[in-house]
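The analysis underlying the following values was restricted to heavy atoms, covering all of them including side chains, and did not include hydrogens, waters or symmetry mates. One-based numbering along the sequence shown.
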Amino acid sequence: MEKRGRPRTFDRDAALQRAMELFWENGFEETSMTDLTDAMGIASPSLYAAFGSKEALFREAVERYQGNVGTEIWDALDSEPEIAAAIGAFLMNTARSYSDETTPRGCMIVLGARSMGQSSHPVCEMLKAHREMNLVRLRQRFDRAVADGQLPATFDCAAAAAFYAALQHGMSIIARDGADAATLEAIAITGRQSFASPAGAGVR
């Protein structure tokens, strides 16, 4: 028997990639359905049939971003055995990723939606949840360094994780504002130095 319905005439994966880049560049609220259909090269009925809704498409775009963009930032936390080197690589990889001229600047998880936009409240909550997961990953890396004896038992892992997450978020914002790679790398170096200072982690 013949299959009912018309077959899709577009590459779903390529269309999702274009949607991700558009959301990353403009944010959820500022990206219209017309913007999406134009960028993805499909009509509205095809978009709804393939992705369900604008919000569902955004969620899928965020998952694609998380799985494919800037993975080296977080890999550094696990691949570097020394905590100071891990934080240094985390920050430097952030600087390079956020200033990549072949992609939108900054981080989609940080810049993907306005914090309190009523129409996008579920979207904001989703992005907040992703940021919280990233904070947990930082906290766990500091916890591991304490367990390994690289940091003192009194080290405040929660505060350190919050500090470096905030630094990373700030790098995302100034990258979007136009800061170049050299500026972001200088911030990364300063952030690494603060970790090794007497007021920082207490390691040399």
I'd like to know if the side chain of Asp177 and the backbone of Ile174 have a donor-acceptor N/O pair within less than 3.5 Å. no
Criterion side chain to side chain contact (heavy atoms under 4.5 Å, CB included) against Trp24, the qualifying member of Val69, Val62, Leu111: Val69
Does any non-hydrogen side-chain atom of Phe58 lie less than 4.5 Å from one of Thr31? no
Where the side chain of Ser46 meets the backbone of Ile42, is there a donor-acceptor pair that is under 3.5 Å apart? no
State whether Asp78 and Arg141 are salt-bridged, where the test is any N-O pair (Lys NZ or Arg NE/NH1/NH2 against Asp/Glu carboxylate O) under 4.0 Å. no
Quick check against the 3.5 Å criterion: does Arg139 have a side-chain atom that pairs as donor or acceptor with the backbone of Ala160? no
With a 3.5 Å distance limit and no angle check, can you tell me whether Arg105 reaches the backbone of Ala179 through a side-chain donor-acceptor pair? yes
To the nearest 0.5 Å, how far apart are OH in Tyr65 and CG in Leu16? 14.5 Å
Polar side-chain atom of Gln150 near backbone of Pro81 as donor-acceptor pair, under 3.5 Å: yes
Could you check whether Arg64 pairs with Glu60 (Lys NZ or Arg NE/NH1/NH2 to Asp/Glu carboxylate O, under 4.0 Å)? no
Look at the rings of Phe90 and Trp74 and say which category their plane angle falls in: under 30° parallel, 30 to 60° tilted, over 60° perpendicular. perpendicular
Do any N or O atoms from the side chain of Arg18 and from the backbone of Met40 form a donor-acceptor pair under 3.5 angstrom? yes
For Ser97 and Asp100, does a side-chain donor sit closer than 3.5 Å to a side-chain acceptor? no
Any donor and acceptor pair, going by atom type alone, linking the side chain of Ser172 with main-chain N or O of Cys107 inside 3.5 Å? yes
Run the salt-bridge test on Glu185 and Arg192 with the 4.0 Å N-O cut-off and return the result as yes or no. no
Quick one: pull up CD1 in Ile189 and CG in Leu184 and give me the separation to the nearest 0.5 Å. 11.0 Å
